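First the proteins, then the strands, lettered A, B, ... as listed; each starts at 1. The shown structure was predicted, so the numbers you read here are calculated from the model rather than taken from an experiment.
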Amino acid sequence: MTLAHSRRFSTALNPINISLLSNQLIQLGRINNNPDTFSETTHHHNKQLQISSLTSKLDDCTCLSQIKQVHAHVIRQGHDQSCYVITKLIRTLTKLGVPMDPYPRRAMELVRFRNPFLWTAAIRGYAVQGNLSEAVSMYGRMRLEGITPVSFTFSALLKACGSVGDFSLGRQFHAQTFRLSGFCSVYVGNTMIDFYVKCGYTECARKVFDEMPERDVISWTELIAAYARAGVMESAAELFERLPKKDMVAWTAMVTGFVQNAKPQEALEYFNRMEKSGIQPDEVTVAGFISACAQLGASKHADRAVEIALKAGYSPSDHVVIGSALIDMYSKCGNVEEAVKVFESMNNKNVFSYSSMILGLAMHGRAREALDLFHYMVTRTGIKPNTVTFVGVLTACSHAGLVDQGRQIFASMHETFGVEPTRDLYTCMVDLLGRAGRLQEALEVIETMSVEPHGGVWGALLGACRIHKDPDVAEIAARHLFEIEPDVIGNYILLCNVYASAGDWDGVISVRKLIKEKGLKKTPAVSWVVDDKGQTHKFFPGNMNHPMSDKIQETLEELVQRLTVLGYQPDLSTVPYNASDDEKRSILIRHTEKLALAFSLLTTSRGCTIKIMKNLRMCQDCHTFMRLASEVTGRVIIMRDNMRFHHFRSGDCSCGDFW
DNA sequence: CTAGGGTTAG
């Protein structure tokens, strides 16, 4: 190639090809280094070198002040009119989260001849910040100035529409993408999928996916995650299996998808499959794994979770996400001490770490510590509490019976911390008042809520009615609850229990009839303990098929004798059957957690803490039984029902009998 | 430039 060629081409070159040309010029310059002949080209060449040096400097910037320094160079060297440099500048500012106004916007406006890439960078800047109206107005001006948008322009606009969920506007841009740029690259297609997913139109996203001429693993993963978030794991799994090359992110989408849908067993399965296929997990994957272990609530998985995290190089002390997930996991596995240790070991803590710790403490009845931690968080750390934090704080108040304090916090929540009351937070308030026996006030809270009550709120009220044996309020709660959640068997059982405790057998019968009509099945109760070898032993109601059932029976009878001395009277009112007292007694003594307790007493040595899990809520009688049993046996009993942990120690329970 | 993210209640 001759120099004349180079020079002619150089004027028509687009900046992206500049470095290629520069190389050619350097080569030529070496061959013939007469400065007079090459002065013009050399000047041009130097300019290009400056530009590429400036843009690579921009690439290295990690904060605003560095960018401003480079920008000063840009101006000094006379490149403030270079679309290429200013586009890069805006992109870098966007990446660092600098708001478009005023700085990036100004730099852009100062360029006299703007090309579509510069406009697009600005539109994208607004899109990333969720400012749809500015993004659209930039686009309008761009069109007015007669600049033809490129496909990236539309992906930036779609991003803006997606972030505010403007479906109809986004759909128009979708149509224009094809009209103006004619074809759809994988990247633009992916942006469209993302847009539809963000607007909640999974089927539209699917349509784009199906019609794309080409897809990459990102297109697949976007859709898989969308199905997972929509709770359709079957579709997610189906897509995933069809995905030809599964990368780590795709695997992670499956793991976290199962976690989000409360299917921890499947999450672990996919994690194991991923390991088998030789792909290393990253922090997100490990966090998903830990979360699955938390949902399983079994310590044997917990140990493996820690092992995996450390093996992958994510120590909780330096990785907030891992640390926070571990706090939650230990709390849910019944080991709140270990959760506290992790929390204390963490060098960086955020709102997740604090919320998880507060919830963990609340769950274990350590209300005072939970509240102290909350106080420390808001006065000393500058971390802003969110909805979840307040769920934890109010749960703590509720379990400790701190009605007034909870009320105060709820009232100050919005004013002081800008947290809007959500349905979950109303649920906490109803729970707080309900547990304290203030059923009318709880009802008033529901009636004056600023959002439409959901099942949770009415369920909390119904649960409180069970504790305080109030069939009248229970009927109100149940009426709403059965409408919202007609298929949740637990709700019917709760109402049944309320009627039974009030001795209203007609009521009991009517609820039973309702259950039958709906074709609902009772969830069978099961309690289980895990022995030293990691073996799980399950106990079903009245189950006498257990190999040790004779011994268990014996132990329980003996235990009842000893408890009676302490004043134990079986609480027959909790048995929802119209049976004789003797029959009721015999039903009560065979509740699954009592069987599990007897088994543990028989199979573990003195001084050993007994840990029992149950899939349903424990009844009043079992609670009293455990409390007294902890006194006469001198054992610490940790009991996890489907709601929380009870720590029984020397005749007391961590919940203060307030549950 | 586009994908996955940990804490929520009865």
Side-chain angles (χ1 to χ4, degrees), chain A residues 91 94-95 117 120-121 124 127-128 151-152 155-156 158-159 162 185-195 197 216-226 228-229 247-257 259-260 281-292 294 319-329 331-332 350-360 362-363 386-392 394-395 398 422-432 434-435 454-466 477 481 485 488 490-491 494 617 642-644:
Chain A
R91 285 182 188 162
T94 303
K95 201 167 74 189
F117 293 99
T120 301
R124 196 169 166 279
V128 168
S151 61
F152 298 153
S155 42
L158 282 168
K159 194 184 181 76
S185 66
V186 179
Y187 163 67
V188 176
N190 288 347
T191 324
M192 282 174 187
I193 293 177
D194 185 57
F195 157 71
V197 167
D216 62 10
V217 65
I218 295 177
S219 336
W220 289 82
T221 309
E222 275 180 330
L223 213 52
I224 288 168
R229 277 194 291 262
D247 72 357
M248 188 258 290
V249 179
W251 280 104
T252 308
M254 289 306 287
V255 173
T256 54
V259 168
Q260 285 156 3
D282 78 347
E283 202 178 341
V284 181
T285 330
V286 175
F289 181 90
I290 297 173
S291 195
H319 293 80
V320 194
V321 178
I322 299 292
S324 307
L326 282 176
I327 292 170
D328 177 53
M329 184 193 74
S331 301
K332 288 189 177 140
N350 63 12
V351 65
F352 282 85
S353 333
Y354 275 91
S355 304
S356 298
M357 193 67 257
I358 290 168
L359 273 160
M363 213 190 305
N386 63 18
T387 307
V388 184
T389 321
F390 282 104
V391 168
L394 292 176
T395 305
S398 165
T422 61
R423 294 193 278 206
D424 293 335
L425 285 166
Y426 279 111
T427 304
C428 292
M429 279 313 282
V430 170
D431 188 56
L432 173 71
R435 270 173 213 280
H454 66 326
V457 186
W458 292 114
L461 185 62
L462 185 56
C465 292
R466 193 195 69 148
L481 197 51
E485 298 176 345
V488 178
N491 297 336
L494 268 178
R617 224 167 129 137
N642 60 338
M643 302 311 310
R644 70 182 57 77

Decide yes or no, distance alone: a donor-acceptor N/O pair under 3.5 angstrom between the base of B:dG10 and the side-chain of A:Glu485.
->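 Check passes, donor-acceptor contact within cut-off.
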
Can you check whether any acceptor in the base of B:dG10 is under 3.5 Å from a donor in the side chain of A:Asn642, or vice versa?
->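 Check fails, no donor-acceptor contact within cut-off.
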
Closest nucleotide among [options] to the [X] side chain:
X	options	answer
A:Gln260	B:dG4, B:dA9, B:dG5	B:dG5
A:Asp194	B:dG10, B:dA3, B:dC1	B:dA3
A:Arg435	B:dA9, B:dG10, B:dT2	B:dG10
A:Tyr187	B:dT7, B:dT2, B:dG10	B:dT2
A:Asp424	B:dC1, B:dT7, B:dT8	B:dT8
A:Lys332	B:dG5, B:dT7, B:dT2	B:dT7
A:Ala460	B:dG10, B:dG6, B:dG4	B:dG10
A:Asp216	B:dG10, B:dG4, B:dT2	B:dT2
A:Glu222	B:dG4, B:dA3, B:dT7	B:dA3
A:Thr221	B:dG5, B:dA3, B:dG10	B:dA3

side-chain N/O [X] vs [N] OP1/OP2, d < 4.0 Å:
X	N	value
A:Ser291	B:dT7	yes
A:Arg644	B:dG10	yes
A:Arg124	B:dT2	yes
A:Arg229	B:dG4	yes

Minimum heavy-atom separation for A:Asp247 to A:Ala250, with atom names?
->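 Between these two residues, the closest heavy atoms are OD1-N, 2.9 Å.
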
Mind listing the closest non-hydrogen atom pair of A:Arg423 and A:His454 along with its distance?
->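 Smallest interatomic distance, heavy atoms only, reads CB-CE1, 3.4 Å.
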
Looking at every strand, decide which applies to [X] at a 4.0 Å heavy-atom threshold: base, sugar-phosphate, or nothing.
X	value
A:Arg617	sugar-phosphate
A:Ser155	nothing
A:Met248	base
A:Val186	nothing
A:Leu481	base
A:Gly455	base
A:Thr256	sugar-phosphate

Quick one: [X] [atom1] to [N] [atom2], roughly how many Å, whole number?
X	N	atom1	atom2	result
A:Ile327	B:dT8	CD1	P	12 Å
A:Leu425	B:dA9	CG	P	11 Å
A:Met363	B:dA9	CE	P	7 Å
A:Ile218	B:dC1	CD1	P	11 Å
A:Met357	B:dT7	CE	C1'	12 Å

Given side chains that start at C-beta, do those of A:Met192 and A:Leu158 come closer than 4.5 Å, heavy atoms only?
->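 Yes, close enough: below the 4.5 Å cut-off.
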
Does the pair A:Ser324 and A:Ser353 meet the rule for a side-chain hydrogen bond (donor to acceptor under 3.5 Å, both in side chains), with working shown?
-> CA-CA 5 Å; A:Ser324 307; A:Ser353 333; 3.2 Å; yes

Is there a donor-acceptor contact under 3.5 Å linking the side chains of A:Asp194 and A:Thr191?
->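 No, no side-chain donor-acceptor contact under 3.5 Å.
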
Step by step, work out the side-chain hydrogen bond (donor to acceptor under 3.5 Å, both in side chains) result for A:Asp216 and A:Ser219.
-> CA-CA 5 Å; A:Asp216 62 10; A:Ser219 336; 2.9 Å; yes

Name each donor-acceptor pair under 3.5 Å that joins a side chain in residues 283-290 of chain A to protein atoms two or more places apart or in another chain, with its distance.
from, atom 1, to, atom 2, distance (Å)
A:Thr285, OG1, A:Thr252, OG1, 2.9
A:Thr285, OG1, A:Asp282, N, 3.2
A:Thr285, OG1, A:Asp282, OD1, 3.0

